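Below is one structure, written out as structure tokens; the observations come after it.
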Amino acid sequence: MNRILFTKTGRAVFISHLDLMRTMQRAFIRAGVRIGHTEGFNPHPYMNFALPLSLGVESRCELMEFKLEEETALSALPARLNGVLPEGIEVLEAYASNTKFKYIKWLDIEAHLFYYNEVQPAAELAAFFARPELVMEKRTKRQTASVDIKPLIASLTVEDVSPGEALLTARLSAQEPSLSPAQLLEAVRQLAPALAPGHVRTRRLEVFDKDMNIFR
Amino acid sequence: MDAELERILLKVQKPARYTGGEYNQIIKDKAEVDLRMAFCFPDTYEIGMSNLGLQILYGAINARPGMWCERCFAPWGDMEEEMRRAHIPLYALESGDPLTEFDALGFSLGYEMAYTSVLNMLDLAGIPVRSADRKSLTPLIFAGGTSCVNPEPMADFLDLCAIGEGEELDVEILELLRRAKREDWDKPRFLRAAARIPGVYVPSLYEPAYNGDGTLKCVARREDAPERVTKRIIEDMDSAFYPTKAIVPSTEIVHDRVVLELFRGCVRGCRFCQAGFVYRPVRRHSVDFLLEKARAALESSGYEEITLSSLSTSDFKGLPELTDGLLEWCEPRKISLSLPSLRADNFSMSLMERVQKVRKSGLTFAPEAGSQRLRDVINKNVTEEALLNSCRIAFEGGWNTLKLYFMLGLPTETDEDVLAIARLAEQVLHTWREHAANKSRGVKITVSTSMFVPKPHTPFQWEAQVGVEEYLRRVRLLRDAINSRSIVYNWHEPHVSLIEAALSRGDRRMGAVIEEVWKNGGRLDSWTDYFSMERWLDAFRASGLDPDFYAARERGADELFPWDLIDVGVSRRYLARERAEAYAGRVTPDCRVKCMGCGANCLLKRGGCDE
Ligand code: SF4
Ligand code: SF4
């Protein structure tokens, strides 16, 4: 399968997942690259994203796989696409791969935490995440369940950047089950409300397989 | 991006509407820009970005060195609330800079119900809404668009109005403003100079006076202001700016496709139709030009749909060549072609087949009136036979949903005419029974009615609107006459039409009403989510004005109209004659059959209309 690795930063973080599909589709057309269609009754262009990204989250490690209708040099693709993509979406690499998205297991993220007062919360946050278990109410579509998210955190560090601002870096379970940065901070809100930030800016950094190798 | 803005964007619906950054947006280096304009659309992003005029003017202005045109839309209520709470002033999408930093804000006024949003946008930007309260030269607040054919209701708020087509005119206004800035003119000096540009109307140079009965008595003007302002047009369409690098939104909008404008104006003279008169005369693009631009626009956008857009698309002379040429290009690329606003009379099998090859969408016909008598009155030159013939072709071709649009309250309408709508729908259903290609799927015929709004610069500009009660009585009459389950009847709510009628033929005193409505929370009034009839009625009362004086009053033959100082090319004498013909039930041939001397040819340098 063909893949692109791309970033989503700046204003593009507000492009929703559904809109991103349309945006990519159009960018391929503008670049003159024809995407292959699915087989079956209602053929549509085949493109598939790993780990749908929430609105407002930046990423340096988005992956999309796609079929090609005709032979196309993958090495030239980043330059062709970058000329026709909206601001904030940049293709870093295009390559063929035989891995599957379901092999993605871990995700590195960083989150800038902004507080309304001049706190220095790093030490307390680190202590909070060092608890032996972190049982939170996790809401799914229909029900809420109590989950211990501790096993879903492979590593986590926090540092104070300036009064009122801290930087949290973590490696979280990417899927089955997933722990999103939003859920991680929801745990803080539920279990240690005094440490909850006012505003958070989150960024995905890298994806890994179960053996902690970078996934491509 | 500002952290505070980022924070609120995460709280509102569809934030991509407020970020900019789309493909093909134009970013310029501020160091090389000496004139900044914001194209302001007083409705949502989704509506505004679907507007062809925006894409044209954005491209035309940005084509000028040193000028940077950006975009700004009305935020939806949730965003407005957050912006006000966080003290974030209204900003333009490209740079994110607040509107107060711009030299000019140009509002697009396509429909009257957007007026309150203009005030709200100014206020959100921290700019006084009244022209008289803005002393400095910039930001200059001006407007253009169809509604400006009667600029008076918005006269208190606008520094100037650009009448007619803006490609050249807007640039001339901005060039003058650039000079005024450079030479440090004050605002009055600039406005006096601007008034000398053909097509510019400066409201503050005119002073209306009224008779005891409320009608307009006279309009005093400063001696250097023109007596009448004549609309500007683009004479040679193929040499004017054409947008082939349209901004491609990153989020879904109303018309998410390439819109190909074939021609301006309309050869028909339906007597109710403001667009048909104010865009005269017809000026068209050549087929070769259109084919080239269509390809360029599709390639640069990546859109997979193209639609042909004009007032009466099926009247375009080169339509068969154009559709053939387009399909040749589109089909292998899986791009679909759509044709809106087909007329029921010259709807041909071959045309339909051409479109059908790629995609079959719903079909809409607008006979406007149910009886032949009334169709003659309004000069809608479509016969029942032609309509049914078109329906037959459609049903044979496999279509099984059809929409029929009508107006209730047209001049001279009787109950007989209303009931004729039901009969016509029955006839269409009968045609389906006789000719449907596949009857097992059933058929759905939708009949829609709206209350007729008499508009300035049309033969019906003297007419009274029927009123809400009478409209609803006619709705009930029609509803009771429709008995088939295959025919669905939808009627539009009449209150908006009443306000629209009052605003469209309003005078300068209407400004007080608009301001009062806005002060009481009015904005985005074309949305049922926001429109409040009570708010409008309260505002009329508070301003000492009666909506019926504007909407439901028949004007005297010689009454002076607020919009008489705008010359759209068609003479008042011609409109009066057309009105008389309407009452006589006589039709007027279209411009191709015979020129009836409406006067619009005088707008052309070459002197005569060639259609
Ligand atoms: S055909 Fe009639 S209704 Fe349509 S645009 Fe022309 S004049 Fe108006
Ligand atoms: S001048 Fe004659 S041909 Fe031209 S728009 Fe008027 S009626 Fe039609």
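In what follows, every heavy atom counts, from backbone to side chain, and hydrogens, waters and symmetry copies are set aside. Every chain is numbered from 1, with letters handed out A, B, ... down the list of sequences. Just so we're clear, the structure is a prediction, and the values are computed from it rather than from any experiment.
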Do R26(A) and Y303(B) meet the cation-pi criteria used here (NZ or CZ under 6.0 Å from the six-membered ring centre, within 45° of the axis)? no
Around K138(A), counting heavy atoms of other residues, nucleotides and ligands shown, do more than 12 lie under 6.0 Å from its NZ? yes
Heavy-atom distances under 4.5 Å only: say whether S16(A) touches chain B with side chain, backbone, both or neither. neither
Taken to the nearest 0.5 Å, the spacing of I15(A) CD1 from T19(B) OG1 works out to 7.0 Å
Contact class of L85(A) relative to chain B, heavy atoms under 4.5 angstrom: backbone
Check whether L5(B) gets within reach of chain A through its side chain, its backbone, both or neither, counting any heavy atom under 4.5 Å. neither
Looking only at the side chains, is there a donor atom on one of S250(B) and D19(A) sitting less than 3.5 Å from an acceptor on the other? no
To the nearest 0.5 Å, tell me how far K14(B) NZ sits from L55(A) CG. 12.5 Å
Measure the shortest side-chain to side-chain distance between R30(A) and V248(B) over non-hydrogen atoms and say whether it is less than 4.5 angstrom. yes
Output the option from R333(B), R17(B), E299(B), E94(B) having the highest count of non-hydrogen pairs under 4.5 Å with chain A. E94(B)
Do the non-hydrogen side-chain atoms of R22(A) and E252(B) ever get within less than 4.5 Å of each other? yes
Can you say whether N24(B) sits under 4.5 Å from chain A via the side chain, the backbone, both, or neither, judging by heavy atoms? neither
As an exercise, state the distance from CG of L20(A) to OG1 of T251(B), rounded to the nearest 0.5 Å. 11.5 Å
Working to the nearest 0.5 angstrom, can you tell me the gap between F14(A) CZ and E6(B) CD? 5.0 Å
Could you tell me whether E110(A) atom CD has more than 12 heavy atoms of other residues or ligands within 6.0 Å of it? yes
Quick one: does R11(A)'s side chain get under 4.5 Å of E22(B)'s, heavy atoms only? no
Flag if over 12 foreign heavy atoms under 6.0 Å of NZ, K28(B): yes
Please check if the number of heavy atoms outside E70(A) that lie under 6.0 Å from its CD is greater than 12. yes
I'd like to check V84(A) versus Y23(B) (side-chain heavy atoms, cut-off strictly below 4.5 Å). Are they in contact? yes
What do you reckon, is CZ of R84(B) surrounded by more than 12 foreign heavy atoms closer than 6.0 Å? yes
